Amino acid sequence: MRVEREKRTIIEPKVLKGFRDFLPSMEIPKKAIVNKLEEHFSLYGFVPIDTPVLEYTEVLLGKGGGETDKQIFHFLDNGERDVAMRFDLTVPFARFLALHQNELAFPFKRFHINKVWRGENPQKGRYREFTQCDFDIVGADNAEADYEILAMMESSFQVMGVTDFKFSVAHRGLFNAFLTHLGVEEKSTEILRIVDKLKKIGTDEVSALLKECTGTKEKAEDILSYINVENPDEPFLTTLERLSSLAGGEIEHTARMKAIYGYLSDAGIEDHFTLDPSITRGLDYYTGIVYETFLTELPHFGSVCSGGRYNDLASLYTKEQLPGVGSSIGLDRLLAALEELESPVIQRASSSDLIILCLDESLRSWYDQLARRFRSEGIRTDAYLLNKKMGAQFKYAEANHIPYGLSCGTLEKSAGKVTLKNLKTREMHQMISIEEAISIIKRN
RNA sequence: GUGGAAGUAGUUCAAUGGUAGAGCACCAGAUUGUGGUUCUGGCUGUUGCGGGUUCGAGCCCCGUCUUCCACCCCA
């Protein structure tokens, strides 16, 4: 038997580049965050949907192709169909809308939390397989819908326990109006990409690239003056007025942004939002407001939550016009950032709230009854399964970050009491009632 | 996909081309109706993988994989 085992070839237990295993220390906080977000989205009346991992390649790539840009995983399936793995949740959602619009009530508000795949070169916070948390509103092209998405972004970060973040907001439509006013609208895609690099390569580099792109120094400077906020503390509405006049007194988009900002102010959350005209978003389907989210202490990680308004995304698949606005949280990037920040969101992850220690093997049945009682109170309770020394049991509890231990023997059983120990402070609550123990655990 | 840097025990790091080591962690034992100290013993490595040069390679050379960084793009 043993000889046979040693002879057998061992397959190297490797995983693909950019793909990862999740150990409990990461999967527990990830699951906890997902659960909180799902509950939170539901509070706003959003409903969950799901779509297939695989789609026809033509469905995901749209008309323009651009396969190399999207770095999509695609292949022929066993029936020779040209298939691809979804690289985001928005494009499959557009397909979903076109297919099911008769079965949906609009405005349709959905959320979708699942994995997506991109064949990019991985880096820290950038993976080939990662989870997106999308939430979108379709069928409402107004400031109220735009605001609701922004408000949900803000409250979602609060719910996740993330504190140091900033939302950078801009308006693609307003920027396009400005470019038209300048007479360079045919170069807009290229200009957007250059502008997007401002924070990374600096003003001088961007200026040089813009000059090259537009052909004149004046236009490059005009664009720079539009995107470059000299005064970072300039009030939102002042910046907006400035952009509006630069765009030739544009009215429609300015009014929309004003209305959105009004709602943010009324809700008292406007401080989290900055009007940053250098935010453009590379994706060309955006038509209105766009936004990115940066963690104050780790701006180089990139955006952890981005999105915007797209008023004709579904037009690839249907003649019906379905205006949408939405946002997507990059959960894996966010978790990587929180890990680097040694955030309590990750470090506090525990497998359970209470462990029932085994002092006396003959009391197993009673331990089980205690466990059932605590579980019925919604307390995650782990009954230690082995008959080991206390030291080993405490080590197990510590490794799993379990805050409380119940250490009970025949004394407690005959008295109808329990002894609860705070495993961190090592404080003992001896001979207390089960109800007292429950309230102590719940208080924490 | 292109360019650059790095890969040694679970982890942090050593080792002039000459027997691969240390701390922490881990496991076992002693003591204990209760683990942070102490003591004793122990384990962990095909030096990422595959070739080459050499009497001899963790070290030099080539390839490959992975990670990290930049480009690109983005969550």
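Being a predicted model, the structure only gives us computed values, none of them experimental. Chain identifiers are assigned alphabetically (A, B, ...) following the order of the sequence lines, protein sequences preceding nucleic acid strands; residue numbering begins at 1 within each chain.
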| said: side chain to side chain donor-acceptor pair (under 3.5 Å) for A:Glu270 and A:Tyr261? Distances and angles first, verdict last. | reply: CA-CA 7 Å; A:Glu270 76 278 17; A:Tyr261 187 76; 4.9 Å; no

| message | Applying a 4.0 Å non-hydrogen cut-off, can you work out what A:Gly125 is touching in the nucleic acid: base, sugar-phosphate, or nothing? | response | base

| query | What is the nucleic acid contact for A:Gln393, judged by heavy atoms within less than 4.0 Å: base, sugar-phosphate only, or nothing? | reply | nothing

| query | Looking across every strand, which nucleic acid part, if any, lies under 4.0 Å from A:Arg126 by heavy atom: base, sugar-phosphate, or nothing? | reply | base

| remark: Ranking B:A75, B:C73, B:C69 by distance to the side chain of A:Lys197, first place goes to B:C73

| message | If you assign each of A:Cys305 and A:Met390 to its closest nucleotide in RNA chain B, which residue comes earlier from the 5' end? | response | A:Met390

| request: Round to a whole Å and report the spacing from CZ of A:Phe294 to P of B:C74. | output: 13 Å

| Any side-chain N or O of A:Gln123 under 4.0 Å from OP1/OP2 of B:A70? | yes

| field | Under 3.5 Å donor-acceptor, A:Thr214 side chain and A:Leu210 backbone | value | yes

| query | What does A:Leu334 touch in the nucleic acid at a heavy-atom separation under 4.0 angstrom: a base, only the sugar-phosphate, or nothing? | reply | nothing

| said: For A:Glu412 and A:Leu16, find the nucleotide of RNA chain B closest to each by heavy atoms; which residue's nucleotide sits nearer the 5' end? | reply: A:Glu412

| task | Determine the Euclidean distance between corresponding P atoms of B:C60 and B:A14; express it in Å to zero decimal places. | result | 15 Å

| NZ/NE/NH1/NH2 to OD/OE distance under 4.0 Å, A:Asp141 and A:Arg309 | yes

| task | Answer yes or no: is there an ion pair linking A:Lys30 with A:Asp332, defined by an N-O contact shorter than 4.0 Å? | result | yes

| task | Could you measure between the two P atoms, the one in B:A70 and the one in B:U64, and give it in whole Å? | result | 24 Å

| request: Please measure how far the P atom in B:G10 lies from the corresponding atom in B:C26, and state the result in whole Å. | output: 15 Å

| field | Side-chain-base donor-acceptor pair under 3.5 Å for A:Arg333 and B:C74 | value | yes

| Should A:Ser42 and A:Glu39 be marked as a side chain to side chain donor-acceptor pair (under 3.5 Å) after you check the CA-CA gap, both sets of side-chain angles, and the distance that decides it? | CA-CA 5 Å; A:Ser42 300; A:Glu39 190 185 338; over 6 Å; no

| message | Could you tell me how far B:G63 sits from B:A75 if I compare only their C1' atoms? Round to whole Å. | response | 34 Å

| said: Between B:C72 and B:C61, how far apart are the two C1' atoms, rounded to whole Å? | reply: 32 Å

| Value rounded to 0.5 Å, distance of NZ in A:Lys36 from CE in A:Met160 | 10.0 Å

| Can you tell me how far C1' of B:U67 sits from CG of A:Asp21, to the nearest Å? | 15 Å

| query | At under 4.0 Å between heavy atoms, what does A:Ser303 touch on the DNA or RNA strands: base, sugar-phosphate, or nothing? | reply | sugar-phosphate

| hbond_proxy A:Glu398 side chain to B:G35 base (donor-acceptor, 3.5 Å cutoff) | yes

| Rounded distance (Å) that lies between atom C1' of B:C73 and atom NZ of A:Lys124 | 20 Å

| Lys/Arg-Asp/Glu bridge criterion (N-O < 4.0 Å) met for A:Glu412, A:Lys417 | no

| said: Between A:Arg373 and A:Thr381, is the side chain to side chain donor-acceptor pair (under 3.5 Å) condition met? List the steps. | reply: CA-CA 9 Å; A:Arg373 176 80 178 88; A:Thr381 306; over 6 Å; no

| said: Using whole Å, what does the distance between atom C1' of nucleotide B:U32 and atom NZ of A:Lys421 come to? | reply: 12 Å

| field | Electrostatic pair A:Lys109-A:Glu148, nearest N-O below 4.0 angstrom | value | yes

| note | Rounded to whole Å, the CG-C1' distance (A:Asp196 to B:C71) equals 15 Å

| note | When pairs are called at under 3.5 Å and a stem needs at least three consecutive Watson-Crick or G-U pairs, the stems of RNA chain B are B:1-7 with B:65-71, B:10-13 with B:21-24, B:26-30 with B:38-42, B:48-52 with B:60-64

| query | OP1 or OP2 of B:U67 less than 4.0 angstrom from a side-chain nitrogen or oxygen of A:Arg128, does that happen here? | reply | no

| request: Report the distance from atom CD1 of A:Ile194 to atom P of B:C73, rounded to the nearest whole Å. | output: 10 Å

| request: Describe the nucleic acid contact of A:Gly18 in one word from base, sugar-phosphate, nothing, applying a heavy-atom distance below 4.0 Å. | output: sugar-phosphate

| task | Mind checking the CD1-OG1 spacing from A:Ile194 to A:Thr189? Nearest 0.5 Å is all I need. | result | 11.0 Å

| request: Give A:Ser327 one of three labels, base, sugar-phosphate or nothing, depending on what nucleic acid heavy atoms sit under 4.0 Å from its own. | output: nothing

| request: Select base, sugar-phosphate, or nothing to describe what A:Leu331 touches, counting heavy atoms under 4.0 Å on all strands. | output: nothing

| Counting side-chain heavy atoms from CB outward, which of B:C68, B:C74, B:G35 is closest to A:Phe394? | B:G35

| Expressed as a whole number of Å, how far does the P atom of B:C24 sit from that of B:G36? | 16 Å

| query | Whole Å only: how far is the CZ atom of A:Phe301 from the P atom of B:A70? | reply | 11 Å

| For atom P, what is the distance between B:U11 and B:G45, given to the nearest Å? | 13 Å

| query | OP1 or OP2 of B:G35 sitting under 4.0 Å from any side-chain N/O of A:Arg426? | reply | no

| Span that lies between the P atom of B:U38 and that of B:A25, in whole angstrom | 10 Å

| Heavy atoms under 4.0 Å, any strand shown: does A:Gly409 hit a base, just sugar-phosphate, or nothing? | base

| task | For A:Lys388, report the nucleic acid contact type (base, sugar-phosphate, nothing); a contact means any heavy atom under 4.0 Å. | result | sugar-phosphate

| field | A:Lys200 side chain near B:C71 phosphate (N/O to OP1/OP2, under 4.0 Å) | value | yes

| task | Examine A:Phe157 together with A:Phe167 and report whether their ring centres are nearer than 6.0 Å. | result | yes

| task | Grab the CG-P distance between A:Asn121 and B:C72 for me, whole Å please. | result | 14 Å

| Which is true for A:Lys14 with a 4.0 Å heavy-atom rule: it touches a base, it touches only sugar-phosphate, or it touches nothing? | nothing

| field | Shortest side-chain distance from A:Arg193, nucleotide among B:U67, B:C74, B:G35 | value | B:C74

